[in-house]
Amino acid sequence: MPASPRDQLRKSVRQQRRALSDHQQDLHAQSVAQQLSRHPLFLNASRIALYLAEDGEIDPAYLIHRAWKYKKQVYLPVLPPTGHALVFAPYHPGSRLITNRFGINEPNCHPSEWIRARQLNLILLPLVAFDEEMNRLGMGGGYYDRSLAFTRHRKQWHSPHLIGLAHECQKIEQLPCEPWDVPLNMIATERCLYDKKVIQE
Ligand SMILES: Nc1ncnc2c1ncn2[C@@H]1O[C@H](COP(=O)(O)OP(=O)(O)OP(=O)(O)O)[C@@H](O)[C@H]1O
Ligand SMILES: [Mg+2]
């Protein structure tokens, strides 16, 4: 079967993302952390989900350390053994990690400690591509879309706020969207914060 336009896009943007040097990666990660760590959505959140970077994704490690410093509760996404929605596990300095079935590290904690997306104030999500309408293309599993589907029926935005983290090279003129794709509130790149319109240059 020929690759869909979304799959072709994923392949080409992932290649560009992986081609960034370690130095560029670090500069971008620092810039994103500087912009977001003084933003009210970050400052006012007490329970924040982030992720461990893979495949050239923007590394949120600076933000994780900032959140710990501010005594916020940090969570990482976990794929439960059954089901197709993410849950979120507490992540502390020194937390033990375990590798899931996709080769991604997760906190190795008891399931009783897991929380659901709606219990978070802020979720910082990785993405493969985005556009200025706040549309997001992920890795293709639909995991974030399924876990955040409840946000699509809300008339007003409240917790959890959703902020995508990306390199500028992941911006696409217009993303091919599907009805289940969950739009974001904001996207942070090394250049600026996108919020439907560019709010900070
Ligand atoms: N709310 C939902 N309920 C049921 N299936 C869903 C839902 N959201 C997405 N899916 C399924 O997930 C599959 C992948 O979706 P999609 O291509 O949008 O993934 P993605 O956004 O790239 O991945 P992710 O959400 O993990 O970042 C689709 O085939 C779709 O049918
Ligand atoms: Mg999607």
Side-chain angles (χ1 to χ4, degrees), residues 1-18 28-29 32 36 48-60 63-64 75-89 91 98-107 114-120 122-155 157-189 194-196:
M1 208 169 55
S4 71
R6 276 159 72 96
D7 283 341
Q8 288 171 13
L9 189 59
R10 280 188 183 99
K11 196 172 165 197
S12 71
V13 180
R14 286 180 65 186
Q15 270 169 2
Q16 290 181 53
R17 192 170 73 173
R18 281 195 298 261
H28 296 183
V32 162
L36 280 184
I48 305 180
L50 300 99
Y51 58 90
L52 300 177
E54 297 272 339
D55 191 53
E57 291 166 344
I58 285 261
D59 190 346
L63 284 165
I64 292 176
Y75 294 83
L76 294 180
V78 164
L79 261 180
T82 55
H84 298 283
L86 299 169
V87 293
F88 295 85
Y91 182 46
I98 188 167
T99 307
N100 72 16
R101 59 187 184 273
F102 292 118
I104 297 173
N105 281 338
E106 302 175 340
W114 293 344
I115 66 168
R116 307 219 157 258
R118 58 179 77 235
Q119 295 170 266
L120 291 158
L122 176 63
I123 304 180
L124 303 182
L125 302 78
L127 54 83
V128 172
F130 71 97
D131 66 21
E132 290 193 28
E133 290 301 304
M134 301 301 109
N135 295 311
R136 168 184 182 274
L137 186 73
M139 293 282 271
Y143 290 97
Y144 276 105
D145 284 330
R146 274 185 294 266
S147 317
L148 300 172
F150 70 95
T151 65
R152 299 184 56 83
H153 307 297
R154 303 189 299 189
K155 295 211 169 55
W157 271 108
H158 37 79
S159 286
H161 286 88
L162 309 177
I163 304 182
L165 307 189
H167 305 281
E168 262 311 301
C169 65
Q170 294 172 253
K171 181 151 72 89
I172 302 298
E173 179 78 28
Q174 197 179 11
L175 214 55
C177 282
E178 297 289 352
W180 58 78
D181 286 327
V182 171
L184 305 177
N185 298 126
M186 192 184 287
I187 291 154
T189 73
Y194 292 92
D195 185 2
K196 284 275 185 190

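Both ligands and their constituent atoms are indexed starting at 1 by order of listing.
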Distance from atom 21 (O) of ligand 1 to nearest protein heavy atom, with residue and atom: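 The closest heavy atom on the protein side is Asp145 OD2, 2.8 Å.
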For atom 6 (C) of ligand 1, closest protein heavy-atom neighbour: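 Atom 6 (C) of ligand 1 sits closest to the protein heavy atom Arg146 CG, 3.6 Å.
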Out of all atoms in ligand 1, which are within 4.0 Å of some heavy atom of [X]? Include the element for each.
X: Gly140; value: 14 (C), 19 (O), 20 (P), 22 (O), 23 (O)
X: Arg136; value: 21 (O), 24 (P), 25 (O), 27 (O)
X: Arg10; value: 16 (P), 17 (O), 19 (O), 20 (P), 22 (O)
X: Gly142; value: 12 (O), 14 (C), 15 (O), 19 (O), 20 (P), 23 (O), 24 (P), 25 (O), 26 (O)
X: Ala149; value: 1 (N)

Part of Asp181 with heavy atoms under 4.0 Å of ligand 1, whether side chain, backbone, both or neither: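 For Asp181, the contact with ligand 1 is made by the side chain alone.
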Met139 touching ligand 1 at heavy-atom level, < 4.0 angstrom: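 Per 4.0 Å heavy-atom rule, Met139 contacts ligand 1.
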Non-hydrogen atom of His84 closer than 4.0 Å to ligand 1: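 The answer is no: ligand 1 sits nowhere under 4.0 Å from a heavy atom of His84.
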Which heavy atom in [X] sits nearest to a heavy atom in [Y], and how many Å separate them?
X: Leu165; Y: Leu127; result: O-CG, 3.8 Å
X: Leu137; Y: Arg10; result: CD1-NH2, 3.4 Å
X: Tyr51; Y: Ile64; result: O-CD1, 4.0 Å

N-O pairing of Arg17 and Asp55 below 4.0 Å: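 Answer for the salt bridge query: yes.
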Asp181 atom (N/O/S) at minimal separation from the Mg ion (ligand 2):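 The Mg ion (ligand 2) is closest to the Asp181 atom OD1, counting only N, O or S.
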Atom name in Asp145, limited to N/O/S, at shortest distance from the Mg ion (ligand 2):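 For Asp145, the N, O or S atom at the smallest distance from the Mg ion (ligand 2) is OD2.
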Tyr75 and its side chain to side chain contact (heavy atoms under 4.5 Å, CB included) partner, picked from Ile48, Ile115, Val87: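 The single option meeting the side chain to side chain contact (heavy atoms under 4.5 Å, CB included) with Tyr75 is Ile115.
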Verdict with reasoning, Leu9 to Arg6, per side-chain contact (heavy atoms from CB on, under 4.5 Å): CA-CA 5 Å; Leu9 189 59; Arg6 276 159 72 96; 5.6 Å; no
